[in-house]
**Q** 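Here you go, one structure.
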Amino acid sequence: MLGSSSVLVNNQESLHSEWFAGRIIDWQQQYGRCGLPWQGADAYRIWLSEIMLQQTRVATVIPYYLRFVDRFPAIPVLAAESEEMVLAYWSGLGYYSRARNLHSASRIIMQQHNGEFPHQFKDILALPGIGRSTAAAISAFAFHERCAILDGNVKRLLARYYAIDGYPGEQKIEAMLWEKAEALLPEKNVAIYTQGMMDLGATICTRSKPECCRCPVQAGCVAHRNGCVALLPTPRLRKKLPERKTTFLLLRNGSDILLEKHTGRVIWGGLWCPPQLDIQIPGDIESVRVYCRQFFNVEVINVLALPKFLHTFTHFKLHIFPLLIDVAVEDTLKAQETGMAWMGLDDAQCAAIPSPVRKLLQEIQKNCWES
DNA sequence: TAGCCGTGGCC
DNA sequence: TGGCCAAGGCT
């Protein structure tokens with residue numbers, strides 16, 4: 001009894017998977033996104049696009065992607081370049097460990113795979129910066145391997161389709177979603193199916209205002225049947241973000257700015273930033289004069305407090321108090337002894353700098369505040 | 001394993 | 001305005 005009913009269930013599940021995948025594939029071919037610059041490209045470009053697209057929207061990625069492949073058109077070129085240069089082309093995109101891992105992985109590929117992007121799922125997964133879902137996406141798109149992905153789009157889609165309650169970041173919930181993703185995977189056309197799942201999530205089964213009436217799998221969607229689409233997926237409970245303060249010391253010598261390189265796995269790791277104090281300091285010239293003489297060995301000519309602003313990270317808010325400090329420096333090369341460098345404003349804006357620093361440098365250049 | 005790691009667009 | 005969160009991975 002048990003055996004035959006189990007076979008029946010398996011048959012039903014298999015038939016359902018076939019129906020589901022067929023609907024997704026048909027929909028993708030008719031309505032899916034096409035013409036994205038990495039679609040149909042080589043494994044290197046597909047890899048790059050998948051990394052850039054982690055936690056980042058397509059529209060944001062496209063200009064970065066185009067500039068990046070223009071400058072680093074193949075893996076050997078990327079591997080031969082410095083991390084600094086790679087970060088400069090990543091500057092503004094955020095999550096800079098992605099760029100450091102990408103660069104590191106390119107050198108591993110040169111050493112361990114003769115410069116050719118690996119074809120085996122386990123080899124792809126072993127590269128830094130590539131987890132289970134990204135490895136599956138590359139395998140499916142570049143090599144047409146039968147691997148299931150589970151990115152944000154697919155999580156949202158499946159959480160609704162099966163009305164799975166609970167935050168998808170939770171391990172138990174995520175395990176259930178992986179199970180569903182694997183079970184639905186078709187035998188053929190995995191690349192089209194995978195792109196279809198992503199595109200359906202991105203354009204129809206959106207976080208807010210999903211267009212269920214245009215969804216190809218609406219007939220099987222449990223959340224739609226139960227009228228709880230808007231409640232799923234369960235949002236994460238978020239604590240209030242802690243707030244921190246920092247003073248940016250924008251030391252200016254003529255048209256040069258003093259920057260220091262953040263090292264290690266810290267916020268903005270590998271990027272150039274103005275020296276910071278993790279408190280708000282008085283902007284009066286005497287306080288700043290004493291501080292700058294002591295720590296930077298420079299004579300302060302003038303101090304101007306620029307407007308404060310807020311920069312929000314994933315896990316804290318940063319109130320930035322910028323001080324534009326005009327100084328006199330005799331030997332600009334001496335800064336190198338302490339891991340700092342004087343850079344011209346134009347050069348600095350081409351360097352690896354985080355977004356708020358770029359914003360400030362542009363402001364300084366535009367307004368030409370006088371000494 | 002939960003916290004860490006950016007940025008910008010949306011409502 | 002501010003909270004939310006995107007084609008996640010690492011430790």
**Q** Taking any heavy-atom pair under 4.0 Å as a contact, classify A:G92: base, sugar-phosphate, or nothing.
**A**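 Sugar-phosphate contact only - A:G92 comes under 4.0 Å of backbone atoms but never of a base.
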**Q** Looking only at the side chain of A:H315 (C-beta and beyond, no hydrogens), which of the listed nucleotides B:dC5, B:dT7, C:dG3 gets closest?
**A**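 Out of B:dC5, B:dT7, C:dG3, the nucleotide with an atom closest to A:H315's side chain is B:dC5.
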**Q** If you look at every strand shown and take non-hydrogen atoms under 4.0 Å, does A:S49 touch a base, only sugar-phosphate, or nothing?
**A**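 The residue A:S49 makes no contact with any strand.
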**Q** CG of A:L48 versus P of C:dA7: gap in Å, rounded?
**A**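 Rounded to the whole Å, the gap is 17 Å.
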**Q** May I ask you to verify if any side-chain N or O of A:R132 is less than 4.0 angstrom from the OP1 or OP2 atom of C:dG9?
**A** no
**Q** Taking C:dA7 as the reference, what is the distance to B:dG3 when you measure between their C1' atoms (whole Å, please)?
**A** 22 Å
**Q** Kindly say whether, by distance alone, the side chain of A:R33 makes a donor-acceptor pair under 3.5 Å with the base of C:dA7?
**A** yes
**Q** Please figure out whether A:G152 or A:R265 has its closest DNA chain C nucleotide nearer the 5' end.
**A**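 Of the two residues, A:G152 wins.
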**Q** Can you tell me if A:R156 uses its side chain to pair, donor with acceptor, with the backbone of A:C205 under 3.5 Å?
**A**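 Yes.
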**Q** Expressed as a whole number of Å, how far does the C1' atom of B:dC5 sit from that of C:dA6?
**A**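 Result for the C1' pair: 15 Å, nearest Å.
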**Q** Compare the minimum distances between each of B:dT1, C:dG3, C:dA7 and the side chain of A:V58, then state the nucleotide with the smallest one.
**A**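 When the side chain of A:V58 is considered, C:dA7 is the closest of B:dT1, C:dG3, C:dA7.
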**Q** Against the six-membered ring of A:Y64, is A:R67 placed for a cation-pi contact (under 6.0 Å from the centre, within 45° of the normal)?
**A**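 Pair A:R67/A:Y64 counts as cation-pi.
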**Q** Does a donor on one side chain and an acceptor on the other come within less than 3.5 Å for A:T247 and A:Q276?
**A** no
**Q** With a non-hydrogen cut-off below 4.0 angstrom, is A:W38 in contact with a base, only sugar-phosphate, or nothing?
**A**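 It contacts base atoms.
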**Q** On the 0 to 90° scale, with breaks at 30° and 60°, tag the A:F117-A:W47 ring pair as parallel, tilted or perpendicular.
**A**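 A:F117 vs A:W47 ring planes: tilted.
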**Q** Under 3.5 Å, is there a donor on one side chain and an acceptor on the other for A:Q54 and A:D151?
**A** no
**Q** Can you find a side chain N or O atom of A:T134 that sits less than 4.0 Å from OP1 or OP2 on C:dG9?
**A**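 For C:dG9, OP1 or OP2 has a side-chain N or O of A:T134 closer than 4.0 Å.
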**Q** Just N and O in the side chain of A:Q55: are any of them under 4.0 Å from OP1 or OP2 of C:dC5?
**A** no
**Q** Separation of A:Y96 atom OH from B:dG8 atom C1', in whole Å?
**A**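 In whole Å, B:dG8 C1' lies 12 Å from A:Y96 OH.
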**Q** Do any side-chain nitrogens or oxygens of A:R156 fall under 4.0 Å of OP1 or OP2 in C:dA7?
**A**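 For C:dA7, OP1 or OP2 has a side-chain N or O of A:R156 closer than 4.0 Å.
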**Q** Let me know the distance between CG of A:L150 and P of C:dA6, rounded to the nearest Å.
**A**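 Taking CG of A:L150 and P of C:dA6, I get 12 Å after rounding.
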**Q** Give a yes or no on whether the backbone of A:M52 and the side-chain of A:R98 come within a donor-acceptor separation of less than 3.5 Å.
**A** yes
**Q** For the side chain of A:S355 and the base of B:dG6, is some donor closer than 3.5 Å to an acceptor across the two?
**A**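 Not at all, since no donor on one side and acceptor on the other fall under 3.5 Å apart.
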**Q** Report the distance from atom CG of A:L102 to atom C1' of B:dC5, rounded to the nearest whole Å.
**A**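 Going from CG in A:L102 over to C1' in B:dC5 covers 16 Å.
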**Q** Rounded to the Å, how far apart are A:I51 CD1 and C:dA7 C1'?
**A** 10 Å
**Q** At 4.0 Å (heavy atoms only), tell me whether A:K155 reaches a base, stays on the sugar-phosphate, or touches nothing.
**A** nothing
**Q** When the distance from CZ of A:F309 to P of B:dT7 is rounded to whole Å, what number comes out?
**A**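 Atom CZ in A:F309 sits about 11 Å away from atom P in B:dT7.
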**Q** If the cut-off is 4.0 Å, is A:W268 near the phosphate of B:dT7, judged by side-chain N/O to OP1 or OP2?
**A**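 Checking A:W268 against B:dT7: at least one side-chain N or O falls below 4.0 Å of OP1 or OP2.
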**Q** Closest-nucleotide mapping onto DNA chain C: is A:L36 or A:L127 further toward the 5' terminus? I mean the 5' end.
**A** A:L36
**Q** Identify whether any heavy atom of A:K239 sits under 4.0 Å from a base atom; if not, whether one sits that close to sugar-phosphate; answer base, sugar-phosphate or nothing.
**A**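 Since only primed, P, OP1 and OP2 atoms lie under 4.0 Å of A:K239, the category is sugar-phosphate.
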**Q** Does A:H311 make a side-chain N or O approach to OP1 or OP2 of B:dG6 shorter than 4.0 Å?
**A**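 No.
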**Q** Can you tell me how far C1' in C:dT1 sits from the matching atom in B:dG8, rounded to whole Å?
**A** 16 Å
**Q** Rounded to whole Å, how long is the line connecting atom OH of A:Y95 with atom P of B:dG3?
**A** 14 Å
**Q** Do A:F68 and A:Y65 have ring centres separated by under 6.0 Å?
**A** no
**Q** To the nearest Å, how far apart are A:R358 CZ and B:dG8 P?
**A** 10 Å
**Q** Are any of A:R238's side-chain N or O atoms less than 4.0 Å away from OP1 or OP2 of C:dC5?
**A** yes
**Q** Could you work out which one of B:dG6, B:dT7, C:dC10 sits closest to the side chain of A:R98?
**A** B:dG6
**Q** With a 4.0 Å cut-off on heavy atoms, is A:P233 in touch with a base, just the backbone sugar-phosphate, or nothing at all?
**A** nothing
**Q** Of A:R236 and A:T56, whose closest DNA chain B nucleotide lies nearer the 5' terminus?
**A**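 Checking each residue's closest nucleotide, the 5'-ward one belongs to A:R236.
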**Q** Do the two ring centres, one from A:F309 and one from A:H311, sit under 6.0 Å apart?
**A** no
**Q** May I ask you to say what A:L93 touches in the nucleic acid, namely base, sugar-phosphate or nothing, with a heavy-atom cut-off under 4.0 Å?
**A** base
**Q** On DNA chain B, does the nearest nucleotide to A:R57 precede the nearest nucleotide to A:S208 from the 5' side, or the other way round? Give the residue.
**A** A:R57
**Q** Select one nucleotide: of B:dG6, C:dA7, C:dA6, the one nearest the side-chain heavy atoms of A:D199.
**A**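 In terms of side-chain proximity for A:D199, the closest of B:dG6, C:dA7, C:dA6 is C:dA7.
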